[in-house]
Amino acid sequence: MLLLQESFCKMNNLHFEHNQIEKKWQEKWEKNKIYTPDIVNAKRPFYNLWMFPYPSAEGVHVGTIFSSTGSDVFGRFQRMNGYDVFQPFGYDSFGIHSENYAIKIGETPQKMLARTIARYEKQFKMIGHSYDWTRIVNTSDIDYYRWTQWLFVEMFKAGLAYRKKAFVNWCPGCKTVLADEQIQTPAQAGKVPPGYEKVEDVPEGIKVCERCGNIPEFKELEQWFFRITDYADRLLEDLEKIDWSERVVIAQRNWIGKKQGINITYEVKDTKETITCFTTRPETNFGATFVVVSPEHDFTRKIVDRALKVPEHVYQDISKYLQSLHNISEDNKEKTGVFSGFYAINALTNQEMPIWISNFVLTDFGTGAVVGVPGHDIRDFDFAKKFNLPIKRVVVGKNGNTSEISQKDQVEEGEGYMINSGFLDGKTTTDAFNAIVDYLEQKGLGKRVSNYHLRDWLISRQRYWGPPIPMIFCPECKRNRKSWFDTVSKEKLIHSDYSDWDHYGWYPEENLPVLLPVIEDYRPKGNGKGPLDDHPEFYETTCPYCKAKAKRETDVSDTFLDSSWYFLRYPTVASLSAIKTAFDREITSKWLPVNLYFGGAEHAVLHLMYARFITKALYDMKHIGFDEPFPKFYAHGLMIKDGAKMSKSRGNVVNPDEYIAKFGADTLRLYLMFMGPMDGYPDFRDTGIEGMKRFVDRLWNIFNHSDIFLEEDNKKKLLSLLNRTIKKVTEDISCFHYNTAISAIMELVNLMRDLAKESARSGIEDPVWRETKNALARMIAPFAPHLAEEVWCEVLKQPFSVHKTNWPKFDANLIKDSEIKVIVQVDGRVRAIMSMRSEDAKIKQTVVESAYKIKDLDKWVKKSQVKNVIFVPGKVVNFVTK
RNA sequence: GCCCAGGUGGUGGAACGGUAGACACGCAGGUCUCAAAAACCUGUAAGAGUAACAUCUUGUGCGAGUUCAAAUCUCGCCCUGGGCACCA
């Protein structure tokens, strides 16, 4: 026995030689294509999708691996549950990130990407993910972006793409347009804008260019837009029918920002003019005392143009005021204003309300005009105070809750007076709202409307590295106009947003792609045009319809368009039909919608919104048969380092390569998954990874112990824990609680280790021991795929591959313990723990009786004192004396 | 200002009405060794208490409440992280 104990210690000194073993299996998996499902004939398709990365120059960091491993664990789990798992991989390689880095290192994006993609592939293969490497999608490939262009054309044909002048973010440092996501707070960007010393000195609300730290300006440019606002209601309503992480649903709901209200039209005294104001609180309109229009409002323009006559001194005041606004910088949010000289009539009260012109009102929200109800709105109140306008409150009945207003006390001090609207008494705010809106609509004074926070999607980029927008401007052509009429409803055609829409035509589908030419001067120019605008050999063309001289669009599309449909491309990409279509109809209906989408919550209102929109548009065009791309989306958290998001500019990026080399991919995977819950924000520290390496070695040692003889009770003990572990691990993986799944496995391994120590015998292996190892190898497979495969094939001598075997099943009968613990409480405090037969523990009388027999219990309670006994079968008995 | 997610040992975290701190990391002591590393064993919320056990008390950001029983449910605060924000 002593000798065997010694041999156990020796055995425990075995190390899992990850370097050779991991590489060996990675090669064998790829060679045998075990992760490549039969796309056409698969019986139980499961599309397991991870948000594809953009191949950044710094390579993969551990934060990326935290996320991708989370997805991979689930894919491997489902594969072992008998699904034909399709887990593809690709690169979001067209776009501003890639281009910016190429500029920085003075190389073309094409050259730079060839290198970074090769590096990414190598790194991802080292981690041992079960990707189908035969179906790579790369958004900058011609075979991909020709279909992105096709998608653009389809959107245009459906009336969902249009041009208008718009203000865009312009970085004076980089001399280029910036995407919204490139504008960050100085703290996020880690950059201090010019004129400030430290990040802390910069006032709140100022955002900067993530690259150079300059404060972006607004610049008016003519741009292509996608009409996502047409889908606002559906994007909102369909949130109900998808199973997404709740926080992402809430983020989308807020981003769409639907507000129901009414546009009330007021007549302007002594003119034929009217002013329409949007309000969500019409029930308080009896308390309206003024109207404010924005400096850009038509009414203001009419005064400036002297179409509306005002006394000369008023005109001068207004001119002076408008002039002063030009000197106010973007970040100066001080409210100023000037009286317009006119009055609007409140039809509800027949009162005259002075009309003011002020930067208090936003031009592009609602109608650009606001009715001021200072008795019920804090900002209206501030405005009224500042310019000495009257303040009125609307009386509220007992049940009404209309009067939650912070400045109530001030108002009641005598600043204003109360009036009774008759619409509020005894009503809730909603009832009052509906009553007044019905009333106003009947009288023809207003119209129910909804306003949204969501804006149309600005799709043009004055950049080089993206798909050229496949449009042609033909000064002559009328034929396009005809086609345009055929496909688009009249209502959309007369939309004032179109400037010269009737001269734009799409590039015929059969002529796609519009190739992005290889040019040397690909840097952004800073004059509001893309680099392609310097290349007549690119933009000079003939109209495909009338053969007149025409000009190509020289802007490229937003990178989010590339990623808004990539999941449709994956299943088709390796097939023959991929040359002829963006996505094969049949294959698409077999594999989509995506069964599980796994990715970061940071894309909540960008990628995830755009992808839903494009899917709905394609559904309406009858290209696909579903209108939600991701019925199930799991939002994982984000790995943190030293309290901040990992990023190169912060210098806190952790490269996984050295950890993989030193500890192995399995150890790193286990470590990352064990750090905390998948939706958390774990701070990466390498102090614990050695402990995980120890666990991997311990596992390896356990598997290499076969000389184990188990006593009967140990056998029972092991079987019971094994089955419980299978149950727990199965449940935990199903809901992405990987950290507790791993700890359950650790508990099983700890028991095995204890048993191995006391049960070593030479030449005998207990069947229970072997069964346990067999199940353990399969349970560990999603987390440590290499170790599991090595053990499965080389130690347990099972047929290749563990990743294609069945997930272990538990036997509910073996989980039941014959002895269970019952907690004995007195007044809710634990005073004893009884061990008893599980059948007995379910019977109240038996439990109570045995509890009374416990020595020392009378220290806490006497039978005579007990007023009540609470009994939870098999768990608790509580003696209540109070 | 609004919305969301969180506050549990020295650390990451478990438990999410029924033994708070599972599982780890770290630390301390020990075994083995000439020594070290590796491996293994023991201890580890705080306090009281004991020769040593036993045992008790207090503890899940703060304050109330519901309950036989609260980290968990309810209400009100405080703090941290994230998102949105001149949105009428």
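Just so we're on the same page: letters track the sequence lines, and every chain starts at 1.
Protein atom NE2 of A:His705 is 10 Å distant from nucleotide atom P of B:C40, rounded to whole Å. Counting to the nearest Å, the C1' atom of B:A39 and the CD1 atom of A:Ile702 are 14 Å from each other. Atom C1' of nucleotide B:U19 and atom CG of A:Asp827 are separated by 17 Å, given to the nearest angstrom. Rounded to whole angstrom, the span from the CG atom of A:Asn868 across to the C1' atom of B:U67 amounts to 12 Å. Distance CG (A:Asp683) to C1' (B:G13): 14 Å, rounded to an integer number of Å. Distance A:Leu670 CG to B:C25 P: 13 Å, rounded to the nearest Å. We find that CE of A:Met834 is positioned 14 Å from P of B:U19, with the value rounded to whole Å. Note: CH2 (A:Trp255) to C1' (B:C4) measures 15 Å, nearest angstrom.
Across all strands shown, B:U80 forms a Watson-Crick or G-U wobble pair, both distances under 3.5 Å, with B:A5. Pair check for B:G21 finds none; no Watson-Crick or G-U wobble contact set falls under 3.5 Å. Under the Watson-Crick or G-U wobble criterion, with both distances below 3.5 Å, B:C40 is paired with B:G30.
Taking the syn range as angles within 90° of 0, the glycosidic angle of B:G9 is syn.
Residues A:Ala601 and A:Arg247 share a closest heavy-atom pair of CB-NH1, 3.7 Å.
Between the side chain of A:Asn878 and the backbone N or O of A:Val869, no donor-acceptor pair lies under 3.5 Å. The backbone N or O of A:Ile228 lies less than 3.5 Å from a partner atom in the side chain of A:Asp456, making a donor-acceptor pair. Using modelled atom types, no side-chain atom of A:Thr69 and backbone atom of A:Phe66 make a donor-acceptor pair closer than 3.5 Å. Panel note: side chain A:Thr730, backbone A:Ile726; a donor-acceptor pair is recorded below 3.5 Å.
Picking from B:C3, B:A38, B:A88 the nucleotide with the shortest atom distance to the side chain of A:His15 gives B:A38. Among B:A22, B:G18, B:A88, the nucleotide with an atom closest to any side-chain atom of A:Val361 is B:A88. Residue A:Arg831 has its side chain nearest to B:U57 when only B:U58, B:C3, B:U57 are considered. Listed nucleotides: B:G12, B:A88, B:U57. Nearest to the side chain of A:Phe674: B:G12. Distances were taken from every side-chain heavy atom of A:Pro677 (C-beta onward) to each of B:C40, B:G13, B:C23; the shortest belongs to B:G13. With B:A39, B:C23, B:A69 as the candidates, the nucleotide lying closest to the side chain of A:Asn878 is B:A69. Side-chain proximity of A:Ile870 to B:C68, B:U19, B:C84: nearest is B:C68. Comparing B:G18, B:C23, B:C41 by their nearest atom to the side chain of A:Arg753 picks out B:C41. The nucleotide whose nearest atom lies closest to any side-chain atom of A:Val830 is, among B:A88, B:U19, B:A24, B:U19.
Across all strands shown, A:Gly366 has no heavy atoms under 4.0 Å from either base or sugar-phosphate atoms. Here A:Val370 lies in heavy-atom contact (under 4.0 Å) with a base. Residue A:Ile823 is classed as a base contact, given a heavy-atom separation below 4.0 Å to a base. Base contact: A:Phe360 has a heavy atom under 4.0 Å from a base atom. When heavy atoms are screened at a 4.0 angstrom cut-off, A:Tyr681 is found touching no nucleic acid atom at all. Backbone-only engagement by A:Arg829 is indicated by non-hydrogen atom pairs under 4.0 Å involving sugar-phosphate atoms exclusively. Residue A:Lys867 is classed as having no contact, given no heavy-atom separation below 4.0 Å to the nucleic acid.
Here A:Lys259 reaches the OP1 or OP2 of B:A88: one of its side-chain N or O atoms lies under 4.0 Å away. For A:Lys728 and B:A22, the shortest distance from a side-chain N or O to OP1 or OP2 is not below 4.0 Å. The side chain of A:Arg694 contributes no N or O atom lying less than 4.0 Å from OP1 or OP2 of B:A38. At least one side-chain nitrogen or oxygen of A:Asn739 sits closer than 4.0 Å to the OP1 or OP2 atom of B:A14. Within the 4.0 Å cut-off from OP1 or OP2 of B:A24, at least one side-chain nitrogen or oxygen of A:Asn750 is found. A close approach under 4.0 Å does not occur between any side-chain nitrogen or oxygen of A:Arg247 and OP1 or OP2 of B:C84. Neither OP1 nor OP2 of B:C84 sits under 4.0 Å from any side-chain N or O of A:His453.
Each of A:Asp380 and A:Met675 was assigned the nucleotide of RNA chain B with the nearest heavy atom; the assignment lying further toward the 5' end belongs to A:Met675. For the pair A:Thr279 and A:Glu747, both in contact range of RNA chain B, the more 5′-proximal nearest nucleotide belongs to A:Glu747.
At a threshold of 4.0 Å, the pair A:Asp697-A:Arg694 does not count as salt-bridged, since none of the basic side-chain nitrogens sits closer than that to a carboxylate oxygen.
If you look at A:Phe736 and A:Tyr634, their ring centroids are closer than 6.0 Å.
Ring orientation note: the planes of A:Phe387 and A:Phe383 are tilted relative to one another, at an angle of 30° to 60°.
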